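First comes the structure, then the notes that go with it.
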Amino acid sequence: MNDQEVIMGIIMHGGNARSAAMKAMTEAKRGNMKQAQQLIEESNEALTNAHKIQTDLIQRETKGEGSDVSLLMVHAQDHLMNAMTVRDLALEVIHLNEKINQLEGEN
């Protein structure tokens, strides 16, 4: 696989992770906590896949087999970090919605 294909893997998995996390927040707001949790698991899996690709690239570079830093690579790294941030935010939104639902149940 060439570098562009590898980099596109990071972008694809990062995008899938971000989308799943966004959907998880929507489901949490609707009170569908089980669905929200499943979507977070999908997000985590996609992030793991992207991270494996990133780790492979780093290991190649440490062996002197590095690739050029291209705009596409920068975009991929930005995409991955953004997805991680959105997933972390989604976890907070889910937690807050669980608390709200719990408090509403007490009243």
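Quantities reported herein were computed from a predicted structural model and do not represent experimental measurements.
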Set out, in order, the CA-CA distance, both residues' side-chain angles and the distance that settles side chain to side chain contact (heavy atoms under 4.5 Å, CB included) for Ile7 and Ser70, then state yes or no. CA-CA 10 Å; Ile7 292 167; Ser70 65; 4.2 Å; yes
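When atom types are taken as modelled, the side chain of Ser19 and the backbone of Gly15 share a donor-acceptor pair closer than 3.5 angstrom. Here the side chain of Asn82 pairs no donor or acceptor atom with the backbone of Asp78 at under 3.5 angstrom. Gln37 contributes no side-chain N or O that, together with a main-chain N or O of Lys34, makes up a donor-acceptor pair within less than 3.5 Å.
Closest of all the heavy-atom pairs between Ala50 and Leu80 is CB-CD1, 3.6 Å. Contact record, Ile94 with Ala24: CD1-CB, 4.1 Å, taken as the closest heavy-atom pair. Minimum interatomic distance between Ala21 and Ser43 (heavy atoms only, all atoms of both residues): CB-OG, 3.9 Å.
Hydrophobic clustering keeps Met33 apart from Leu39 (ILVMFWY residues linked when any side-chain heavy atoms are closer than 4.5 Å, directly or through intermediates). Hydrophobic clustering, with ILVMFWY side chains joined whenever heavy atoms are under 4.5 angstrom apart, groups Ile11 together with Met81. Transitive grouping of hydrophobic side chains (ILVMFWY, heavy atoms separated by less than 4.5 Å) keeps Val6 and Met12 in distinct clusters.
Taken to the nearest 0.5 Å, the CZ atom of Arg87 stands 14.0 Å off from the CD atom of Glu42. Interatomic distance, CG of Leu47 versus CE of Met84, reported as 6.5 Å (0.5 Å rounding). Separating the CE atom in Met8 from the CG atom in Leu72 is a distance of 6.0 Å, to the nearest 0.5 Å. For the atom pair CG (Asp88) and CD1 (Ile40), the distance works out to 9.0 Å, reported to the nearest 0.5 Å. With values rounded to the nearest 0.5 angstrom, Leu57 atom CG is found 7.0 Å from Asp3 atom CG. The CG atom of Asp56 lies 11.0 Å from the CD atom of Glu65; values are rounded to the nearest 0.5 Å.
Contact of the Val86 side chain with the Met25 side chain is registered, since non-hydrogen atoms from C-beta on lie closer than 4.5 Å. The side-chain heavy atoms of Lys99 and Gln102, taken from C-beta on, include a pair separated by under 4.5 Å. Within the 4.5 Å cutoff, no side-chain heavy atoms of Asn16 are placed close to those of Asn49. The closest side-chain heavy-atom distance from Ile58 to Glu61 is not below 4.5 Å.
Side chains of Gln54 and Gln77: a donor-acceptor N/O pair is present below 3.5 angstrom, by distance only.
The side-chain contact (heavy atoms from CB on, under 4.5 Å) test with His51 is passed by exactly one of Thr48, Ile53, Thr55: Thr55.
Annotation: Met22, atom CE; neighbour count of heavy atoms from other residues, nucleotides and ligands within 6.0 Å does not exceed 12.
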